[in-house]
Amino acid sequence: MAPSLFLSFILRHLLLILLLLLLPHRNVLTRAASGRWDFLLSNIGISAMHMQLLYTDRVVIFDRTDFGVSNISLPAGNCRNDPSDTALVNDCTAHSVEYDVATNSIRPLMVLTDTWCSSGAVMPDGTLVQTGGYNDGDHAVRLYKPCTNNSCDWREINPGLTQRRWYATNHILPDGRAIVIGGRRQHNYEFYPKTSPGDTSYKLDFLVETKDPKIENNLYPFVFLNVDGNLFIFANNRAILFDYVKGTVVRTYPTIPGGDPRSYPSTGSAVLLPLTDNAGSAEVLVCGGAPNGAYLSAMNGSFVTALDTCARIRINEPNPEWILETMPMPRVMGDMVLLPNGNVLIINGAGSGAAGWELGRNPVLAPVIYRPNNPFGSRFEVQSSSTIPRMYHSTALLLRDGRVLVGGSNPHTHYNFTGVLFPTDLTLEAFCPSYLDPNFKNLGPRIVSPTAQTKIGYNQQLTVLFTFPDNLNRDASIMVTMVAPAFTTHSCSMNQRLIVLSGGNVTAADGRSTYQIRVMTPSSGNIAQPGFYLLFVVHQDVPSEGIWVQIS
């Protein structure tokens, strides 16, 4: 090799080494394994249309009462007698179950009225408040107070709502109440619990303006509490910032470029990206959906390719604009899960068609990780594929150990296991992101304190003690995150929220393997609504197992 060529070769390689050394520590897993799948249960008795993780590490799962006989019986000979049920008046099978994460087991629950396409939120005391549905359940409020002795079950208030709520969205407010927004032919909102006899429903013109003829395309609106206390509400292809106290629109956002719908039944998904206490930090990401006309085309047997774009917007900027990014593949009916390290998992869904009975085709088996802090153009990474199609009525949610629980898929009007393109699915599986790979076990922290179920206040210093299998790399990044688990159904993850706590440097706590970091808890209920959160310590993108804390 000529001297000049040899010198050029050496310089190029030195430059490459220097660039690798300068890469941010938070990107350590971008070159790691792409996750794995664990099969959990072959038959939970029902299809997981709705799911919510509770602070007991139990997951409440339910579908609808009028699918007919399920594959799990109610205990002790109990039966549900419902003269208004459209499938079965006397039903001795369950349509809701509780999944125990620790024992990988289920037990049947008794839900009384039809929960089809309903919504939910967890109240500050940990009680799941579940609202609406279909038929005799469309005005119902159902309460599920968690327990660990297998004695808890659904309790129902019917009517508990002033309006019919079918395909509506729930969101927890800073005062601990839930707001219930929209639903089929409901261009209004209401609150639960009610504060007075006159606390009724209130008009929301935005839901009239975003309704497409014959399709709607504004159901299960995406709702996020902004850091200023107002609600970001997205429906169809645009959004508003809404002052729910005064009932006024604070600002109107531009239409997403291209104008294609992203709400049910042209179902995309959305998340509020990780928050800090910085008022300008709120960003919303909306991914996937179906192009204009795709739903009607699917109804006529033509399945249009889904959207392959995500749209991202900083909602508090003076002149906010949507920025489009291209996903590795198109996706409709996908779910988006905030991971403890601040990344977003995009999972489930179809490559063509729309949401609805038999309207999806080309299942998307490979999840995608979206890294919001990476440079534009390098944020997506395709993960290992599942073998199970998760089509219409699929769900996914984060567990305390960092896995993502995945279930559901039933695009039929009843349970249908044979002779169909996508049979009713009663299985549960878990996607394990690459941070759970054994190769990164030595990077994972373990929280020593606070202990589980600790109550914390707003705007306080919190000392978090943690250990490592190996000694800590003092130059590595450490962050503490709080995650509010979502009520998930129909690609809408209600109340999902991740806060990155601000804090100082990591210091040694005992001179050996225990370390501490002092962080500030969220400043107010506008940042973190009161209730239960999962607290994680994250080291080089690898989270600890979470612990439950309650902020009030």
Side-chain angles (χ1 to χ4, degrees), residues 167-169 171 181-184 186-189 203-226 228 230-244 247-273 280 282-298 304-327 330-334 336 344 346 349 354-355 370 372 376 379 490-493:
Y167 299 93
T169 297
H171 202 72
I181 299 176
R184 181 145 283 170
Q186 295 297 331
H187 309 126
N188 52 64
Y189 61 96
K203 190 176 180 182
L204 184 56
D205 289 335
F206 175 68
L207 294 178
V208 178
E209 297 161 4
T210 53
K211 179 182 177 181
D212 287 341
K214 300 182 181 180
I215 308 171
E216 293 183 275
N217 272 335
N218 64 353
L219 303 178
Y220 280 128
F222 304 130
V223 180
F224 304 108
L225 177 68
N226 190 19
D228 64 0
N230 295 311
L231 294 175
F232 178 91
I233 305 176
F234 179 99
N236 200 318
N237 55 16
R238 53 197 183 277
I240 57 171
L241 193 63
F242 185 67
D243 183 336
Y244 61 89
T248 58
V249 175
V250 176
R251 70 190 309 179
T252 299
Y253 295 94
T255 300
I256 282 183
D260 289 309
R262 310 280 181 150
S263 301
Y264 183 94
S266 300
T267 303
S269 52
V271 292
L272 179 68
L273 291 175
E283 288 187 82
V284 170
L285 179 72
V286 181
C287 290
N292 279 309
Y295 176 78
L296 293 179
S297 293
V304 177
T305 300
L307 298 173
D308 66 353
T309 55
C310 292
R312 180 168 167 173
I313 190 169
R314 294 180 180 270
I315 66 176
N316 293 319
E317 286 193 344
N319 297 296
E321 296 289 341
W322 293 99
I323 304 298
L324 285 187
E325 301 178 79
T326 302
M327 297 188 291
R331 194 182 303 255
V332 63
M333 298 182 288
M336 295 171 72
V344 182
I346 309 172
Y370 177 85
F376 183 89
R379 291 173 177 158
H490 291 77
S491 302
C492 187
S493 293

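Within the 4.5 Å cutoff, side-chain heavy atoms of P291 are placed close to those of D260. When side chains are defined from C-beta on, I233 counts as touching L204, because their heavy atoms get closer than 4.5 Å. Residues Q186 and Y167 form no side-chain contact, since every pair of their non-hydrogen atoms from C-beta on lies 4.5 Å or further apart. Contact annotation: the side chain of F234 never approaches that of Y253 to less than 4.5 Å [non-hydrogen atoms, C-beta and beyond]. Put simply, the side chain of N230 does not reach to within 4.5 Å of the side chain of R251, judged on heavy atoms. You'll find the side chain of V286 stays beyond 4.5 Å of the side chain of C310, heavy atoms only. Contact check for P372 versus L285: no side-chain heavy atoms found under the 4.5 Å cut-off. With contacts defined as side-chain heavy-atom distances shorter than 4.5 Å, the pair S263/Y220 does not qualify.
Of the residues listed (V250, N316, V284), the one engaging N226 in a side-chain contact (heavy atoms from CB on, under 4.5 Å) is N316, and it is the only one.
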*With side chain to side chain contact (heavy atoms under 4.5 Å, CB included) as the test, would you mind laying out the steps for L241 and L231 before giving the verdict?*
CA-CA 6 Å; L241 193 63; L231 294 175; 6.0 Å; no

_Test side chain to side chain contact (heavy atoms under 4.5 Å, CB included) on I181 and H171; report intermediate values, then the result._
CA-CA 8 Å; I181 299 176; H171 202 72; 5.7 Å; no

*Would N188 and L207 satisfy side chain to side chain contact (heavy atoms under 4.5 Å, CB included), going step by step from the backbone distance to the final call?*
CA-CA 8 Å; N188 52 64; L207 294 178; over 6 Å; no

_From CA spacing to verdict: salt bridge (charged side-chain N to carboxylate O under 4.0 Å, His left out), D205, K203_ = CA-CA 6 Å; D205 289 335; K203 190 176 180 182; 3.4 Å; yes

_Audit row: R262, S491, side chain to side chain donor-acceptor pair (under 3.5 Å) steps and yes/no_ = CA-CA 11 Å; R262 310 280 181 150; S491 302; over 6 Å; no

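Distance check: T169 OG1 to H490 NE2 gives 11.0 Å after rounding to the nearest 0.5 Å. Note: E325 CD to M327 CE = 10.5 Å, rounded to the nearest 0.5 Å. In this structure, the separation between CZ on R184 and CD on E216 is 4.5 Å, given to the nearest 0.5 Å. Atom-to-atom distance recorded for M336:CE and Y370:OH is 8.0 Å, nearest 0.5 angstrom. Taking CE from M333 and OG from S266, the interatomic distance works out to 11.0 Å, rounded to the nearest 0.5 Å. With rounding to the nearest 0.5 Å, the separation of CD1 in I323 from CZ in F376 is 7.5 Å.
In terms of heavy atoms, A306 sits closest to P330 at O-CB, 3.2 Å. Here the closest non-hydrogen pair linking A235 and P221 is CB-CB, 4.3 Å. When every heavy atom of R331 is checked against every heavy atom of G334, the shortest pair comes out as CD-CA, 3.9 Å. The two residues F222 and S269 come nearest to each other via the heavy atoms CZ-CA, 3.7 Å. Minimum interatomic distance between E209 and R238 (heavy atoms only, all atoms of both residues): O-NH2, 2.6 Å. Considering all non-hydrogen atoms of both residues, Y295 and A355 come closest at CE1-O, 3.5 Å.
Under the ring pair (Phe, Tyr, Trp, His ring centres under 6.0 Å) criterion, F224 pairs with no residue, sequence neighbours left out.
Between the W322 side chain and the P257 main chain, no donor and acceptor come within less than 3.5 Å of each other.
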